[in-house]
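Chain naming here is simple, since letters A, B, ... match the order of the sequence lines and numbering starts at 1 in each. All values derive from a computational prediction rather than experimental measurement.
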Amino acid sequence: MILSTTKSLLLNPLIQLKTPPPPPPPLKFRPKFASISARLDNSEQQLNLSVLRFTLGIPGLDESYLPRWIGYGFGSLIILNHLLGSDSVTAAQLRTETLGISLAAFSITLPYLGKFLKGATPMDQTTLPEGAEQIFVMSQNVSAAQKEGLAWATYVLLRNTSTTSVLILAQGALCIRGYWNLPDGVSKDDALDWFKNNIEETGLSDLKDALYFPQNADAEFWSILPQGTRSVLVQPLLDPNPSTNEMGNIEGFVLLASSMRYAYSEKDRAWIRAVSNKLRSKN
Amino acid sequence: MVAGRILRIAIPCIPGRPPPPPPRVPIFPRFIRASSVQRKGGYKGPKPGRDWIADWVSKNDDAVRSLPIYVGGASLLAVLFNRAVSGIAPVADASSSQSRSDLLTLGLAVTNVLAGLVWLSIRPKSIIPVEPQGVECQVIYSHLPESVVSEILWAWESLSNVTCCRSLVIVYDSQCIVQIGVAAKSMNDGEPFAVDAAKLMQGSLCQGVLKSGAQSYLANLSLYPGRSELPFLPSNTQAVILQPLGDRGIAVLGGDTIRGFTTSDQAWITYIGEKLDATLAKYMNLVEDFKVSQAMFHETKDGR
(Lines give C-alpha, C1' and ligand atoms only; values in the text may rest on other atoms or scores of the structure.)
Protein backbone atom coordinates (compact mmCIF):
# COMPACT_ATOMS: atom_id res chain seq x y z
CA MET A 1 0.00 0.00 0.00
CA ILE A 2 1.38 3.36 -0.96
CA LEU A 3 0.16 6.39 0.87
CA SER A 4 1.20 9.69 -0.62
CA THR A 5 0.45 13.08 0.74
CA THR A 6 -0.27 15.95 -1.54
CA LYS A 7 1.79 19.08 -1.61
CA SER A 8 -0.82 21.06 0.25
CA LEU A 9 -0.26 19.08 3.38
CA LEU A 10 3.47 19.13 3.33
CA LEU A 11 4.32 22.27 5.09
CA ASN A 12 2.22 21.80 8.14
CA PRO A 13 3.54 18.62 9.74
CA LEU A 14 7.14 19.26 8.96
CA ILE A 15 7.27 22.78 10.25
CA GLN A 16 6.67 21.25 13.61
CA LEU A 17 9.94 19.41 13.42
CA LYS A 18 11.74 19.24 16.65
CA THR A 19 12.35 22.74 17.85
CA PRO A 20 14.71 23.21 20.71
CA PRO A 21 13.52 25.75 23.33
CA PRO A 22 10.98 27.33 23.35
CA PRO A 23 9.02 24.08 23.78
CA PRO A 24 5.86 23.27 21.76
CA PRO A 25 2.65 24.60 23.31
CA PRO A 26 0.89 21.53 24.73
CA LEU A 27 3.68 20.63 27.08
CA LYS A 28 3.84 22.69 30.19
CA PHE A 29 7.35 22.61 31.49
CA ARG A 30 10.03 25.11 32.29
CA PRO A 31 12.49 26.01 29.59
CA LYS A 32 15.88 24.73 30.55
CA PHE A 33 17.64 28.07 30.64
CA ALA A 34 15.29 29.73 33.06
CA SER A 35 17.26 28.76 36.09
CA ILE A 36 20.78 27.95 34.99
CA SER A 37 23.29 30.11 36.70
CA ALA A 38 26.96 29.74 37.43
CA ARG A 39 26.36 29.64 41.15
CA LEU A 40 27.28 26.22 42.38
CA ASP A 41 26.97 24.32 45.60
CA ASN A 42 29.13 24.79 48.66
CA SER A 43 32.08 22.99 47.27
CA GLU A 44 32.91 25.68 44.71
CA GLN A 45 32.78 29.42 44.93
CA GLN A 46 31.78 31.03 41.73
CA LEU A 47 30.31 34.26 40.51
CA ASN A 48 26.72 34.41 39.56
CA LEU A 49 27.09 35.46 35.99
CA SER A 50 23.57 34.79 34.84
CA VAL A 51 22.79 38.52 35.00
CA LEU A 52 24.96 38.94 31.96
CA ARG A 53 22.63 36.91 29.81
CA PHE A 54 20.63 39.36 27.85
CA THR A 55 18.61 39.20 24.76
CA LEU A 56 17.75 41.75 22.16
CA GLY A 57 14.25 40.40 22.24
CA ILE A 58 13.97 39.97 18.52
CA PRO A 59 12.36 36.64 17.79
CA GLY A 60 14.30 34.45 15.44
CA LEU A 61 17.54 36.26 16.13
CA ASP A 62 20.20 33.99 17.54
CA GLU A 63 22.29 35.95 20.01
CA SER A 64 25.01 33.36 19.97
CA TYR A 65 25.87 34.54 16.46
CA LEU A 66 26.35 38.12 17.64
CA PRO A 67 30.16 37.84 18.01
CA ARG A 68 30.31 36.69 14.42
CA TRP A 69 28.41 39.69 13.10
CA ILE A 70 30.38 42.08 15.30
CA GLY A 71 33.56 40.45 14.00
CA TYR A 72 32.54 41.01 10.40
CA GLY A 73 31.30 44.53 11.05
CA PHE A 74 34.21 45.82 13.06
CA GLY A 75 36.72 44.01 10.90
CA SER A 76 35.44 45.71 7.80
CA LEU A 77 35.41 49.05 9.61
CA ILE A 78 39.06 48.59 10.55
CA ILE A 79 39.95 47.90 6.94
CA LEU A 80 37.91 50.89 5.81
CA ASN A 81 39.66 53.07 8.35
CA HIS A 82 43.01 51.89 7.09
CA LEU A 83 42.19 52.64 3.50
CA LEU A 84 40.72 56.03 4.18
CA GLY A 85 43.56 57.13 6.42
CA SER A 86 44.85 60.18 4.57
CA ASP A 87 48.31 60.49 6.05
CA SER A 88 50.87 57.79 6.26
CA VAL A 89 50.05 54.93 8.48
CA THR A 90 52.22 54.73 11.54
CA ALA A 91 53.67 51.54 12.87
CA ALA A 92 51.56 51.83 15.99
CA GLN A 93 48.41 51.97 13.95
CA LEU A 94 49.49 48.98 11.94
CA ARG A 95 50.01 47.03 15.13
CA THR A 96 46.57 47.92 16.40
CA GLU A 97 44.99 47.04 13.13
CA THR A 98 46.68 43.67 13.00
CA LEU A 99 45.47 42.96 16.50
CA GLY A 100 42.00 44.13 15.55
CA ILE A 101 41.80 41.93 12.47
CA SER A 102 42.97 38.85 14.36
CA LEU A 103 40.42 39.54 17.09
CA ALA A 104 37.74 39.88 14.43
CA ALA A 105 38.74 36.54 12.95
CA PHE A 106 38.61 34.95 16.38
CA SER A 107 35.18 36.42 17.08
CA ILE A 108 33.92 35.03 13.82
CA THR A 109 34.86 31.50 14.87
CA LEU A 110 33.35 31.84 18.35
CA PRO A 111 29.83 30.61 17.49
CA TYR A 112 31.32 27.56 15.77
CA LEU A 113 33.33 26.66 18.87
CA GLY A 114 30.38 27.37 21.09
CA LYS A 115 28.35 24.74 19.33
CA PHE A 116 30.45 21.96 20.82
CA LEU A 117 30.28 23.09 24.44
CA LYS A 118 28.14 21.17 26.85
CA GLY A 119 24.76 22.70 27.29
CA ALA A 120 24.74 24.43 23.94
CA THR A 121 21.43 24.15 22.18
CA PRO A 122 21.40 24.28 18.41
CA MET A 123 19.19 26.91 16.85
CA ASP A 124 16.57 25.48 14.63
CA GLN A 125 18.24 25.82 11.28
CA THR A 126 16.31 23.08 9.61
CA THR A 127 15.55 24.07 6.10
CA LEU A 128 13.45 22.03 3.77
CA PRO A 129 15.41 20.55 0.90
CA GLU A 130 14.69 22.24 -2.41
CA GLY A 131 12.92 20.42 -5.10
CA ALA A 132 11.98 17.60 -2.80
CA GLU A 133 8.48 16.31 -2.29
CA GLN A 134 6.98 14.80 0.76
CA ILE A 135 6.27 11.10 0.40
CA PHE A 136 5.15 8.27 2.61
CA VAL A 137 5.49 4.82 1.10
CA MET A 138 5.55 1.43 2.67
CA SER A 139 6.05 -2.08 1.33
CA GLN A 140 3.05 -4.23 0.71
CA ASN A 141 2.74 -7.65 2.34
CA VAL A 142 3.36 -6.18 5.73
CA SER A 143 1.42 -7.28 8.79
CA ALA A 144 -0.85 -4.74 10.46
CA ALA A 145 1.27 -4.66 13.60
CA GLN A 146 4.42 -4.08 11.61
CA LYS A 147 2.73 -1.38 9.56
CA GLU A 148 1.68 0.41 12.71
CA GLY A 149 5.13 0.08 14.18
CA LEU A 150 6.82 1.49 11.10
CA ALA A 151 4.34 4.34 10.79
CA TRP A 152 4.75 5.31 14.42
CA ALA A 153 8.54 5.06 14.33
CA THR A 154 8.85 7.25 11.25
CA TYR A 155 6.37 9.76 12.64
CA VAL A 156 8.14 10.09 15.95
CA LEU A 157 11.58 10.35 14.35
CA LEU A 158 10.42 13.13 12.06
CA ARG A 159 8.73 15.04 14.88
CA ASN A 160 11.29 14.69 17.61
CA THR A 161 14.60 15.07 15.86
CA SER A 162 15.81 17.49 13.22
CA THR A 163 15.26 14.87 10.54
CA THR A 164 13.82 15.79 7.19
CA SER A 165 13.90 12.35 5.60
CA VAL A 166 13.71 8.89 7.07
CA LEU A 167 14.09 5.45 5.52
CA ILE A 168 13.59 2.23 7.44
CA LEU A 169 14.37 -1.26 6.31
CA ALA A 170 13.14 -3.78 8.88
CA GLN A 171 12.73 -7.50 8.30
CA GLY A 172 12.48 -6.98 4.59
CA ALA A 173 9.84 -4.25 4.80
CA LEU A 174 10.69 -0.81 3.52
CA CYS A 175 9.18 2.42 4.77
CA ILE A 176 10.12 5.83 3.47
CA ARG A 177 8.77 9.09 4.80
CA GLY A 178 9.62 12.76 4.63
CA TYR A 179 11.19 14.86 1.94
CA TRP A 180 12.92 12.97 -0.83
CA ASN A 181 14.16 13.83 -4.29
CA LEU A 182 12.65 11.32 -6.63
CA PRO A 183 14.36 11.36 -10.01
CA ASP A 184 12.30 12.61 -12.91
CA GLY A 185 11.20 9.38 -14.42
CA VAL A 186 10.01 7.85 -11.19
CA SER A 187 6.43 8.37 -10.13
CA LYS A 188 5.20 7.87 -6.60
CA ASP A 189 4.06 4.36 -7.39
CA ASP A 190 7.43 3.26 -8.64
CA ALA A 191 9.22 4.96 -5.78
CA LEU A 192 9.30 1.82 -3.71
CA ASP A 193 11.04 -0.22 -6.40
CA TRP A 194 13.48 2.57 -7.11
CA PHE A 195 14.47 2.76 -3.47
CA LYS A 196 14.74 -0.97 -3.15
CA ASN A 197 17.16 -1.20 -6.08
CA ASN A 198 19.27 1.63 -4.83
CA ILE A 199 19.57 0.32 -1.34
CA GLU A 200 20.78 -3.04 -2.50
CA GLU A 201 23.58 -1.29 -4.31
CA THR A 202 24.72 0.72 -1.34
CA GLY A 203 25.29 -2.28 0.88
CA LEU A 204 23.91 -0.45 3.86
CA SER A 205 21.95 -3.50 4.89
CA ASP A 206 25.15 -5.15 6.05
CA LEU A 207 26.15 -2.43 8.42
CA LYS A 208 27.01 -3.57 11.91
CA ASP A 209 27.70 -0.37 13.79
CA ALA A 210 25.97 2.95 13.59
CA LEU A 211 27.33 5.48 11.13
CA TYR A 212 27.12 9.17 11.78
CA PHE A 213 28.17 11.75 9.24
CA PRO A 214 27.82 15.10 10.98
CA GLN A 215 28.94 17.03 7.92
CA ASN A 216 28.66 16.62 4.22
CA ALA A 217 30.51 13.53 3.03
CA ASP A 218 31.38 12.11 -0.30
CA ALA A 219 29.50 8.89 0.08
CA GLU A 220 27.93 6.87 -2.67
CA PHE A 221 24.66 6.34 -0.95
CA TRP A 222 24.19 10.07 -0.69
CA SER A 223 22.94 10.06 -4.26
CA ILE A 224 19.55 8.81 -3.14
CA LEU A 225 19.31 11.39 -0.37
CA PRO A 226 17.62 14.71 -1.05
CA GLN A 227 19.75 17.69 -1.99
CA GLY A 228 20.64 19.86 0.91
CA THR A 229 21.30 16.96 3.25
CA ARG A 230 24.06 17.84 5.65
CA SER A 231 24.14 15.07 8.23
CA VAL A 232 23.18 11.45 8.07
CA LEU A 233 22.77 8.81 10.71
CA VAL A 234 22.44 5.13 9.90
CA GLN A 235 21.42 2.92 12.78
CA PRO A 236 21.39 -0.84 12.16
CA LEU A 237 18.83 -3.04 13.87
CA LEU A 238 20.80 -5.69 15.60
CA ASP A 239 19.70 -8.88 17.19
CA PRO A 240 19.48 -8.40 20.95
CA ASN A 241 21.46 -11.54 21.65
CA PRO A 242 24.73 -11.26 19.83
CA SER A 243 26.11 -14.27 21.66
CA THR A 244 23.87 -16.68 19.80
CA ASN A 245 25.39 -15.75 16.47
CA GLU A 246 28.89 -14.44 16.28
CA MET A 247 28.15 -11.98 13.53
CA GLY A 248 24.88 -10.82 15.05
CA ASN A 249 21.73 -11.04 13.03
CA ILE A 250 21.30 -7.87 11.07
CA GLU A 251 17.65 -7.23 10.46
CA GLY A 252 17.84 -3.92 8.70
CA PHE A 253 18.64 -0.32 9.40
CA VAL A 254 17.20 3.08 10.03
CA LEU A 255 18.52 5.92 7.91
CA LEU A 256 17.95 9.51 8.97
CA ALA A 257 18.93 12.55 6.96
CA SER A 258 18.84 16.13 8.10
CA SER A 259 19.51 19.46 6.46
CA MET A 260 21.46 20.68 9.50
CA ARG A 261 25.05 19.88 10.27
CA TYR A 262 25.76 18.17 13.59
CA ALA A 263 22.09 17.39 13.74
CA TYR A 264 22.16 14.47 16.16
CA SER A 265 23.49 14.89 19.66
CA GLU A 266 24.45 12.04 21.95
CA LYS A 267 20.99 12.04 23.46
CA ASP A 268 19.30 12.04 20.07
CA ARG A 269 21.38 9.07 19.01
CA ALA A 270 20.49 7.20 22.18
CA TRP A 271 16.79 7.75 21.58
CA ILE A 272 17.13 6.71 17.95
CA ARG A 273 18.77 3.51 19.10
CA ALA A 274 15.85 2.95 21.47
CA VAL A 275 13.31 3.45 18.67
CA SER A 276 15.21 1.09 16.41
CA ASN A 277 15.11 -1.53 19.15
CA LYS A 278 11.35 -1.40 18.93
CA LEU A 279 11.47 -2.37 15.28
CA ARG A 280 13.42 -5.52 15.93
CA SER A 281 11.57 -8.77 15.68
CA LYS A 282 10.48 -10.12 18.98
CA ASN A 283 12.01 -13.55 19.33
CA MET B 1 39.93 -5.86 3.28
CA VAL B 2 40.92 -3.13 5.61
CA ALA B 3 40.78 -4.21 9.18
CA GLY B 4 39.93 -1.24 11.26
CA ARG B 5 39.44 -0.76 14.90
CA ILE B 6 35.86 -1.00 15.93
CA LEU B 7 34.89 2.01 17.97
CA ARG B 8 31.44 1.43 19.25
CA ILE B 9 29.12 3.90 20.78
CA ALA B 10 29.44 3.44 24.48
CA ILE B 11 25.96 2.48 25.60
CA PRO B 12 25.28 5.53 27.76
CA CYS B 13 27.12 5.11 31.01
CA ILE B 14 25.69 7.58 33.45
CA PRO B 15 28.05 8.28 36.32
CA GLY B 16 27.03 6.82 39.62
CA ARG B 17 25.02 3.94 38.26
CA PRO B 18 26.40 0.64 39.45
CA PRO B 19 28.06 -1.35 38.09
CA PRO B 20 29.88 0.92 35.67
CA PRO B 21 30.73 -0.75 32.39
CA PRO B 22 34.38 -1.70 32.03
CA PRO B 23 36.49 1.05 30.50
CA ARG B 24 36.66 0.61 26.80
CA VAL B 25 38.51 2.30 24.03
CA PRO B 26 38.40 6.12 24.29
CA ILE B 27 34.99 7.54 23.65
CA PHE B 28 34.77 10.05 20.82
CA PRO B 29 31.57 11.87 21.46
CA ARG B 30 30.91 13.35 18.11
CA PHE B 31 30.81 10.48 15.69
CA ILE B 32 30.95 6.78 15.36
CA ARG B 33 33.40 4.96 13.16
CA ALA B 34 32.25 1.75 11.58
CA SER B 35 34.72 -0.80 10.46
CA SER B 36 34.30 -2.90 7.41
CA VAL B 37 33.08 -6.36 8.08
CA GLN B 38 35.25 -9.31 7.27
CA ARG B 39 32.86 -11.00 4.97
CA LYS B 40 31.47 -10.82 1.47
CA GLY B 41 29.02 -8.07 0.75
CA GLY B 42 29.95 -6.06 3.78
CA TYR B 43 29.46 -2.33 3.81
CA LYS B 44 32.24 -0.84 1.79
CA GLY B 45 31.15 2.76 1.89
CA PRO B 46 33.07 5.65 3.37
CA LYS B 47 33.35 6.15 7.08
CA PRO B 48 33.07 9.52 8.74
CA GLY B 49 36.38 11.11 9.55
CA ARG B 50 37.67 12.42 12.83
CA ASP B 51 36.36 15.75 13.91
CA TRP B 52 39.37 17.24 15.64
CA ILE B 53 37.93 20.55 16.69
CA ALA B 54 34.73 19.08 18.08
CA ASP B 55 36.68 16.50 20.06
CA TRP B 56 39.13 19.05 21.38
CA VAL B 57 36.42 21.45 22.48
CA SER B 58 34.41 18.74 24.17
CA LYS B 59 37.43 17.46 26.05
CA ASN B 60 38.64 20.86 27.27
CA ASP B 61 35.25 22.29 27.98
CA ASP B 62 36.26 24.52 30.89
CA ALA B 63 39.36 25.89 29.25
CA VAL B 64 37.53 26.75 26.07
CA ARG B 65 34.85 28.59 27.99
CA SER B 66 37.34 30.97 29.54
CA LEU B 67 39.45 31.30 26.40
CA PRO B 68 37.62 34.32 24.93
CA ILE B 69 37.99 36.15 28.23
CA TYR B 70 41.73 35.73 28.21
CA VAL B 71 41.99 36.66 24.56
CA GLY B 72 39.83 39.74 25.04
CA GLY B 73 41.60 40.81 28.20
CA ALA B 74 45.04 40.37 26.67
CA SER B 75 44.05 42.40 23.61
CA LEU B 76 42.71 45.17 25.81
CA LEU B 77 46.01 45.43 27.61
CA ALA B 78 47.90 45.19 24.36
CA VAL B 79 46.01 48.14 22.89
CA LEU B 80 46.69 50.33 25.91
CA PHE B 81 50.31 49.25 25.99
CA ASN B 82 50.63 50.05 22.31
CA ARG B 83 49.30 53.53 22.88
CA ALA B 84 51.62 54.10 25.77
CA VAL B 85 54.67 52.86 23.94
CA SER B 86 53.96 54.95 20.86
CA GLY B 87 53.75 58.07 22.98
CA ILE B 88 50.18 58.87 22.16
CA ALA B 89 47.98 60.12 24.93
CA PRO B 90 45.28 57.61 25.94
CA VAL B 91 42.40 59.81 24.97
CA ALA B 92 39.25 58.15 23.76
CA ASP B 93 38.28 60.38 20.88
CA ALA B 94 37.76 59.43 17.29
CA SER B 95 39.78 62.24 15.77
CA SER B 96 42.75 60.42 14.40
CA SER B 97 42.66 57.16 12.53
CA GLN B 98 44.86 55.66 15.20
CA SER B 99 42.22 56.34 17.80
CA ARG B 100 39.54 54.96 15.58
CA SER B 101 41.30 51.67 15.02
CA ASP B 102 42.06 51.50 18.74
CA LEU B 103 38.41 51.94 19.55
CA LEU B 104 37.35 49.28 17.09
CA THR B 105 39.87 46.86 18.51
CA LEU B 106 38.71 47.64 22.03
CA GLY B 107 35.15 46.98 20.96
CA LEU B 108 36.14 43.59 19.64
CA ALA B 109 38.05 42.78 22.80
CA VAL B 110 35.02 43.63 24.93
CA THR B 111 32.81 41.46 22.73
CA ASN B 112 35.12 38.54 23.31
CA VAL B 113 35.16 39.07 27.05
CA LEU B 114 31.38 39.19 27.16
CA ALA B 115 31.07 36.10 25.00
CA GLY B 116 33.39 34.27 27.35
CA LEU B 117 31.32 35.36 30.35
CA VAL B 118 28.14 34.20 28.65
CA TRP B 119 29.71 30.82 27.98
CA LEU B 120 30.69 30.56 31.61
CA SER B 121 27.20 31.40 32.71
CA ILE B 122 25.58 28.70 30.63
CA ARG B 123 27.83 25.97 31.93
CA PRO B 124 25.47 23.24 33.03
CA LYS B 125 25.65 22.49 36.69
CA SER B 126 27.02 19.03 37.19
CA ILE B 127 24.51 17.28 39.34
CA ILE B 128 25.31 13.94 40.83
CA PRO B 129 22.63 11.31 40.54
CA VAL B 130 21.33 9.91 43.80
CA GLU B 131 20.99 6.17 44.07
CA PRO B 132 17.35 5.47 44.84
CA GLN B 133 16.75 3.55 48.03
CA GLY B 134 14.36 0.72 47.67
CA VAL B 135 13.92 -2.68 46.24
CA GLU B 136 13.99 -3.74 42.60
CA CYS B 137 10.74 -5.05 41.31
CA GLN B 138 8.96 -5.94 38.11
CA VAL B 139 5.23 -6.29 38.52
CA ILE B 140 3.10 -6.56 35.42
CA TYR B 141 -0.64 -7.06 35.30
CA SER B 142 -1.05 -10.69 34.49
CA HIS B 143 -3.86 -10.59 31.95
CA LEU B 144 -2.02 -8.60 29.34
CA PRO B 145 -1.27 -10.17 25.98
CA GLU B 146 2.27 -10.77 24.82
CA SER B 147 2.40 -7.81 22.44
CA VAL B 148 1.35 -5.29 25.06
CA VAL B 149 3.83 -6.67 27.57
CA SER B 150 6.69 -6.51 25.10
CA GLU B 151 5.81 -2.94 24.22
CA ILE B 152 5.79 -1.96 27.88
CA LEU B 153 9.10 -3.69 28.43
CA TRP B 154 10.55 -1.90 25.42
CA ALA B 155 9.37 1.42 26.86
CA TRP B 156 10.97 0.64 30.22
CA GLU B 157 14.22 -0.45 28.61
CA SER B 158 14.44 2.73 26.52
CA LEU B 159 13.59 5.00 29.42
CA SER B 160 16.04 3.43 31.83
CA ASN B 161 18.85 3.37 29.28
CA VAL B 162 18.47 6.84 27.85
CA THR B 163 17.07 8.96 30.64
CA CYS B 164 17.64 9.09 34.35
CA CYS B 165 14.40 7.22 34.98
CA ARG B 166 14.77 4.53 37.65
CA SER B 167 11.14 3.67 38.46
CA LEU B 168 8.11 3.37 36.25
CA VAL B 169 4.52 2.92 37.29
CA ILE B 170 1.63 2.79 34.85
CA VAL B 171 -1.96 2.99 36.03
CA TYR B 172 -4.79 2.54 33.54
CA ASP B 173 -8.52 2.40 34.13
CA SER B 174 -7.85 2.52 37.86
CA GLN B 175 -5.73 -0.60 37.74
CA CYS B 176 -2.01 -0.81 38.26
CA ILE B 177 -0.72 -2.20 35.02
CA VAL B 178 3.02 -2.00 35.61
CA GLN B 179 5.45 -1.30 38.40
CA ILE B 180 9.05 -1.67 37.27
CA GLY B 181 12.38 -0.52 38.60
CA VAL B 182 13.16 0.57 42.10
CA ALA B 183 10.21 0.80 44.43
CA ALA B 184 9.95 1.86 48.02
CA LYS B 185 10.11 -0.91 50.56
CA SER B 186 6.90 -1.47 52.40
CA MET B 187 6.92 -1.39 56.17
CA ASN B 188 6.25 -4.96 57.18
CA ASP B 189 8.36 -7.05 54.87
CA GLY B 190 10.98 -6.31 52.30
CA GLU B 191 8.45 -6.44 49.51
CA PRO B 192 7.92 -3.53 47.12
CA PHE B 193 5.25 -1.06 48.11
CA ALA B 194 2.12 -1.96 46.22
CA VAL B 195 0.46 0.76 44.19
CA ASP B 196 -3.01 1.79 45.29
CA ALA B 197 -4.29 2.67 41.87
CA ALA B 198 -7.66 4.04 42.89
CA LYS B 199 -6.16 6.31 45.52
CA LEU B 200 -3.52 7.52 43.10
CA MET B 201 -6.10 8.41 40.48
CA GLN B 202 -8.17 10.34 43.01
CA GLY B 203 -5.24 12.31 44.31
CA SER B 204 -4.76 15.94 43.37
CA LEU B 205 -1.59 15.37 41.38
CA CYS B 206 -3.18 12.93 38.98
CA GLN B 207 -6.45 14.79 38.76
CA GLY B 208 -4.63 17.94 37.76
CA VAL B 209 -2.60 16.15 35.14
CA LEU B 210 -5.58 14.33 33.65
CA LYS B 211 -7.65 17.49 33.56
CA SER B 212 -5.01 19.48 31.72
CA GLY B 213 -4.02 16.57 29.53
CA ALA B 214 -0.43 17.76 29.63
CA GLN B 215 2.71 16.27 31.05
CA SER B 216 3.76 17.46 34.46
CA TYR B 217 7.44 17.62 35.36
CA LEU B 218 8.35 17.87 39.02
CA ALA B 219 12.00 18.63 38.59
CA ASN B 220 12.94 18.66 42.23
CA LEU B 221 10.60 16.41 44.09
CA SER B 222 11.62 17.54 47.55
CA LEU B 223 10.03 20.90 46.92
CA TYR B 224 6.56 19.54 46.22
CA PRO B 225 4.06 18.74 48.97
CA GLY B 226 2.25 16.34 46.63
CA ARG B 227 5.11 13.94 47.29
CA SER B 228 2.94 12.11 49.77
CA GLU B 229 0.66 10.92 47.00
CA LEU B 230 3.46 8.84 45.52
CA PRO B 231 4.44 6.58 48.41
CA PHE B 232 5.44 3.74 46.12
CA LEU B 233 8.42 5.65 44.75
CA PRO B 234 11.71 5.44 46.63
CA SER B 235 11.92 8.12 49.27
CA ASN B 236 14.91 9.81 47.70
CA THR B 237 13.54 10.04 44.17
CA GLN B 238 14.82 13.32 42.79
CA ALA B 239 12.57 14.11 39.84
CA VAL B 240 9.21 12.84 38.67
CA ILE B 241 7.37 13.04 35.39
CA LEU B 242 3.62 12.44 35.32
CA GLN B 243 2.53 11.59 31.82
CA PRO B 244 -1.20 11.22 31.15
CA LEU B 245 -2.16 8.32 28.92
CA GLY B 246 -5.17 9.73 27.15
CA ASP B 247 -7.79 10.39 29.81
CA ARG B 248 -7.86 6.93 31.29
CA GLY B 249 -4.41 6.39 32.68
CA ILE B 250 -1.22 7.89 33.94
CA ALA B 251 2.44 6.95 33.87
CA VAL B 252 4.70 7.95 36.73
CA LEU B 253 8.43 8.06 36.05
CA GLY B 254 10.88 8.54 38.90
CA GLY B 255 14.37 9.83 38.16
CA ASP B 256 17.56 9.85 40.19
CA THR B 257 18.82 13.34 39.28
CA ILE B 258 17.37 16.75 40.01
CA ARG B 259 16.24 18.26 36.68
CA GLY B 260 17.47 15.06 35.16
CA PHE B 261 14.92 14.89 32.35
CA THR B 262 15.91 17.15 29.50
CA THR B 263 13.53 18.90 27.12
CA SER B 264 14.07 16.28 24.47
CA ASP B 265 13.44 13.52 27.02
CA GLN B 266 10.14 15.14 27.87
CA ALA B 267 9.12 15.28 24.23
CA TRP B 268 10.00 11.64 23.70
CA ILE B 269 8.15 10.60 26.85
CA THR B 270 5.04 12.36 25.58
CA TYR B 271 5.13 10.37 22.36
CA ILE B 272 5.81 7.10 24.13
CA GLY B 273 2.88 7.89 26.41
CA GLU B 274 0.61 8.37 23.43
CA LYS B 275 1.74 5.08 21.94
CA LEU B 276 1.18 3.20 25.19
CA ASP B 277 -2.22 4.80 25.55
CA ALA B 278 -3.19 3.65 22.05
CA THR B 279 -2.01 0.12 22.75
CA LEU B 280 -3.64 -0.17 26.16
CA ALA B 281 -6.87 1.41 24.96
CA LYS B 282 -7.11 -1.08 22.14
CA TYR B 283 -6.57 -3.97 24.53
CA MET B 284 -8.93 -2.64 27.19
CA ASN B 285 -11.64 -2.02 24.62
CA LEU B 286 -11.26 -5.58 23.41
CA VAL B 287 -11.67 -6.79 26.97
CA GLU B 288 -14.70 -4.59 27.47
CA ASP B 289 -16.30 -5.80 24.27
CA PHE B 290 -15.58 -9.37 25.27
CA LYS B 291 -17.12 -8.89 28.69
CA VAL B 292 -20.18 -7.20 27.21
CA SER B 293 -20.68 -9.97 24.71
CA GLN B 294 -20.27 -12.56 27.45
CA ALA B 295 -22.90 -10.80 29.57
CA MET B 296 -25.28 -10.69 26.65
CA PHE B 297 -24.68 -14.33 25.97
CA HIS B 298 -25.49 -15.29 29.53
CA GLU B 299 -28.57 -13.12 29.48
CA THR B 300 -29.98 -14.72 26.41
CA LYS B 301 -29.26 -18.13 27.90
CA ASP B 302 -31.08 -17.33 31.12
CA GLY B 303 -33.84 -15.41 29.46
CA ARG B 304 -34.95 -18.40 27.46
Taking all heavy atoms of [X] and all of [Y], pick out the closest pair and write down the distance.
X: Thr262(B); Y: Lys267(A); value: OG1-CD, 3.8 Å
X: Ala78(B); Y: Leu99(A); value: CB-CD2, 3.8 Å
X: Ala92(A); Y: Gln98(B); value: C-OE1, 3.5 Å
X: Leu110(A); Y: Pro68(B); value: CD2-CG, 3.8 Å

- More than 12 heavy atoms from other groups under 6.0 Å of CZ on Phe81(B): no

Taking the side chain as everything from C-beta on, heavy atoms only, tell me whether [X] gets closer than 4.5 Å to [Y].
X: Phe106(A); Y: Leu67(B); result: yes
X: Tyr155(A); Y: Tyr271(B); result: yes
X: Leu113(A); Y: Trp119(B); result: yes
X: Asn277(A); Y: Ser158(B); result: no

Distance check, rounded to the nearest 0.5 Å: [X] atom [atom1] versus [Y] atom [atom2]?
X: Ser101(B); Y: Leu94(A); atom1: OG; atom2: CG; value: 9.0 Å
X: Ile78(A); Y: Thr105(B); atom1: CD1; atom2: OG1; value: 4.0 Å
X: His82(A); Y: Leu104(B); atom1: NE2; atom2: CG; value: 13.5 Å
X: Asn160(A); Y: Ile272(B); atom1: CG; atom2: CD1; value: 9.0 Å
X: Leu108(B); Y: Ser107(A); atom1: CG; atom2: OG; value: 5.0 Å
X: Lys278(A); Y: Ser150(B); atom1: NZ; atom2: OG; value: 7.0 Å

Using non-hydrogen atoms only, which part of [X] is less than 4.5 Å away from chain A: side chain, backbone, both, or neither?
X: Asn60(B); result: neither
X: Glu157(B); result: side chain
X: Thr111(B); result: side chain
X: Ala109(B); result: both

- Message: Looking at chain B, which one of Val234(A), Leu77(A), Ile101(A), Val232(A) has the largest number of heavy-atom pairs inside 4.5 Å, strictly under?
- Response: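 Of the options given, most contacts go to Leu77(A).
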
- Residue among Arg95(A), Glu148(A), Glu97(A) with most heavy-atom pairs under 4.5 Å to chain B: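 The residue among Arg95(A), Glu148(A), Glu97(A) with the greatest pair count is Arg95(A).
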
- Message: So, using ring pair (Phe, Tyr, Trp, His ring centres under 6.0 Å) as the criterion, who are the partners of Trp271(A) when residues are at least two apart?
- Response: Trp268(B)

- Task: Name the member of Val71(B), Leu106(B), Val79(B) that forms the most heavy-atom pairs with chain A at distances under 4.5 Å.
- Result: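 The residue among Val71(B), Leu106(B), Val79(B) with the greatest pair count is Val71(B).
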
- Task: Would you kindly say whether Asp102(B) and Thr96(A) are connected by a side-chain donor-acceptor distance under 3.5 Å?
- Result: yes

- Message: Check whether Asp61(B) reaches the backbone of Leu117(A) with its side chain - one donor and one acceptor, N or O, closer than 3.5 Å.
- Response: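 Side chain of Asp61(B) to backbone of Leu117(A), a donor-acceptor pair under 3.5 Å: no, none is there.
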
